[in-house]
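Note that the numbering runs from 1 along the sequence shown for the chain.
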Amino acid sequence: MIGFKLNKSAFMEPLHLPPSAWIGHIPFAGWVVEEIKPRVFVELGSHHGTSYLGFCQAIKENGIESKCFAVDTWQGDEHAGSYDDSVFEALDSYHGDRYSGFSQLLRMTFDDALPNFADGSVDLLHIDGLHTYEAVRHDFETWLPKLSSRGVVLFHDTMVRDRGFGVWKFWAEVRGRYPSFEFLHSHGLGVLLVGAELPDSVRFLAQVEGTPDGAQVLRLFNSLASLIAYRTRTLGLQGMVADRDELLRRAHEQDISRQRELAALAASLSDERTQASSHAQHLAMEISEQGRCLAEVTATLDETRHKIAERDISIATLASEIEAREERLRDLGGEVTELRSSVENNRQSSERLGRDLEVMLRSRSWRVTAPLRKMLASFRKRDQ
């Protein structure tokens, strides 16, 4: 392939690879950055940042004086799906520590970002936002005035024809207006050469499109993509092995710690058994003493119950006697009442007799018969 060469950036090993269908195009991202040395690079739609971080890494490793901008709302769309702020926060954290000196993440819509760029200022534009035909055409047409005389536009997913994707349809139209080249692996990547002042190595891609040399370019970058995939799997396996080793190390440490805990627990249990045995003996003595006390209390209670029973009998007998005496008192009360009535009657009879006697003594017949009564009295004395 006379006119085409690989550069060192095509073999760049990605430092960070969030999950993405774009991973297979990392070798071309490194290659095209080293070839055109973009003064301004703009990516429309970054999601996890797999492609954008690859471009930034190539720019930094090549020491290119460039300004890079990732434009995205980081809220998702009908193709990427919706997601929360954690996606942006993860990208911002990784990006800020490494590329903030020449790169910015612009959290806004593509149209809102347009005023931030002068016409003819963008050398490399990557369109990877909403993938409908209308959205891709709108993004290209609105950003076309921003492209420089060295402008190159990349369209991802040119090989996807389901789920409402329309990049392939717009790509079929626009590739007829500009020199172009299309990679078929990793869902397809369209390379549109808009600028007239591009390096020969880049223009060569359009020249070999559809030719055997172009097929060799495709095989070459497909092989490099496979190498990236192999590295990714290897790193993943290494990570899994490292994770497994870490888990084993932690498990070993936990096992040692548990053995120590078990030994300490066994010693503690032995001490507790000794204490429990002593405590049990002490409790047995207390229970025996309490049993003796309980027996004494029971005997005292039985004696008390017997005395109470005897007192109950005495109280019952006394109650009978009291009841009999009360009955006798009631009888005596009746007799007293009769005696009082009899006394009252006698008193009244005495008073009547007294009155009658007084009347009789005052009467004439009493005075007339007085000598006779005296005589009778004397006769009685004599007879005695």
Side-chain angles (χ1 to χ4, degrees), residues 3-4 7 9 22 25 28-46 51-52 54-56 58-59 62 64-72 106 110-111 113-159 166-184 187-211 214 217-218 221:
F4 183 80
N7 54 38
S9 298
W22 217 91
H25 298 299
F28 179 74
W31 182 88
V32 75
V33 162
E34 185 173 342
E35 293 301 314
I36 69 175
K37 296 176 175 58
R39 293 160 298 184
V40 176
F41 164 60
V42 176
E43 180 172 89
L44 304 180
S46 293
S51 58
Y52 187 72
F55 283 110
C56 288
I59 288 170
N62 281 280
I64 300 171
E65 292 186 6
S66 179
K67 296 293 183 181
C68 301
F69 303 91
V71 184
D72 202 323
L106 304 180
F110 303 160
D111 289 350
L114 283 168
N116 295 310
F117 300 91
D119 289 350
S121 64
V122 179
D123 294 333
L124 181 60
L125 177 67
H126 177 211
I127 297 177
D128 198 15
L130 182 60
H131 287 65
T132 63
Y133 169 82
E134 294 78 8
V136 176
R137 183 180 67 181
H138 174 80
D139 295 340
F140 176 76
E141 292 176 350
T142 55
W143 282 84
L144 182 60
K146 306 298 180 181
L147 295 174
S148 72
S149 59
R150 298 161 55 184
V152 175
V153 183
L154 307 180
F155 297 87
H156 189 224
D157 291 319
T158 57
M159 296 299 295
V167 182
W168 65 271
K169 183 177 180 181
F170 181 70
W171 174 247
E173 295 177 3
V174 75
R175 70 186 304 178
R177 292 153 43 190
Y178 299 94
S180 64
F181 188 84
E182 183 181 13
F183 293 100
L184 308 181
H187 302 284
L189 182 70
V191 183
L192 197 67
L193 309 182
V194 177
E197 300 176 5
L198 289 167
D200 292 342
S201 58
V202 177
R203 288 190 292 109
F204 179 79
L205 290 175
Q207 295 170 8
V208 298
E209 172 76 349
T211 68
V217 173
L218 291 178
F221 278 98

Roughly how far, to the nearest 0.5 Å, is [atom2] of [Y] from [atom1] of [X]?
| X | Y | atom1 | atom2 | value |
| --- | --- | --- | --- | --- |
| Leu124 | Ile36 | CG | CD1 | 4.5 Å |
| Asp123 | Glu197 | CG | CD | 10.0 Å |
| Thr142 | Leu44 | OG1 | CG | 7.5 Å |
| Phe155 | Glu182 | CZ | CD | 11.5 Å |
| Asp157 | Ile127 | CG | CD1 | 12.5 Å |

Original post:
Looking only at side chains, do Asn62 and Ser9 share a donor and an acceptor under 3.5 Å apart?
Top reply: yes

Under 3.5 Å, side chain of [X] to main-chain N/O of [Y], donor-acceptor pair present?
| X | Y | result |
| --- | --- | --- |
| Asp128 | His156 | no |
| Tyr52 | Phe69 | yes |
| Arg150 | Arg39 | no |

Side-chain touch [X]/[Y], heavy atoms, less than 4.5 angstrom:
| X | Y | value |
| --- | --- | --- |
| Leu154 | Val191 | yes |
| Val42 | Leu125 | yes |
| Val136 | Lys169 | no |
| Leu114 | Trp143 | yes |

Subject >> Partners passing salt bridge (Lys or Arg N to Asp or Glu O under 4.0 Å) against Glu35 (at least two apart in sequence or in another chain) >> reply: none

**OP:** Take Phe41 and His126 through the side-chain contact (heavy atoms from CB on, under 4.5 Å) test and state the conclusion after the steps.
**Re:** CA-CA 8 Å; Phe41 164 60; His126 177 211; 4.1 Å; yes

List the atom of [X], the atom of [Y], and the distance in Å for their closest heavy-atom pair.
| X | Y | answer |
| --- | --- | --- |
| Trp171 | Ser180 | CH2-CB, 3.5 Å |
| Thr158 | Trp168 | O-CB, 3.1 Å |
| Leu189 | His25 | CB-CE1, 3.4 Å |
| Phe55 | Ala29 | CE2-CB, 3.6 Å |
| Pro38 | Ile64 | O-CG2, 3.9 Å |
| Phe181 | Leu205 | CD1-O, 3.0 Å |

Original post:
So Phe28 and Trp31, would you call those rings parallel, tilted or perpendicular, with 30° and 60° as cut-offs?
Top reply: parallel

Subject >> Parallel, tilted or perpendicular, as decided by the 30° and 60° cut-offs, for the rings of Phe170 and Tyr133 >> reply: perpendicular

**OP:** Only pairs at least two apart or in different chains count here, so list each salt bridge (charged side-chain N to carboxylate O under 4.0 Å, His left out) that has a residue in residues 133-146.
**Re:** Asp119-Lys146

Subject >> Pair Leu192-Arg177, side-chain contact (heavy atoms from CB on, under 4.5 Å): steps then yes or no >> reply: CA-CA 9 Å; Leu192 197 67; Arg177 292 153 43 190; over 6 Å; no

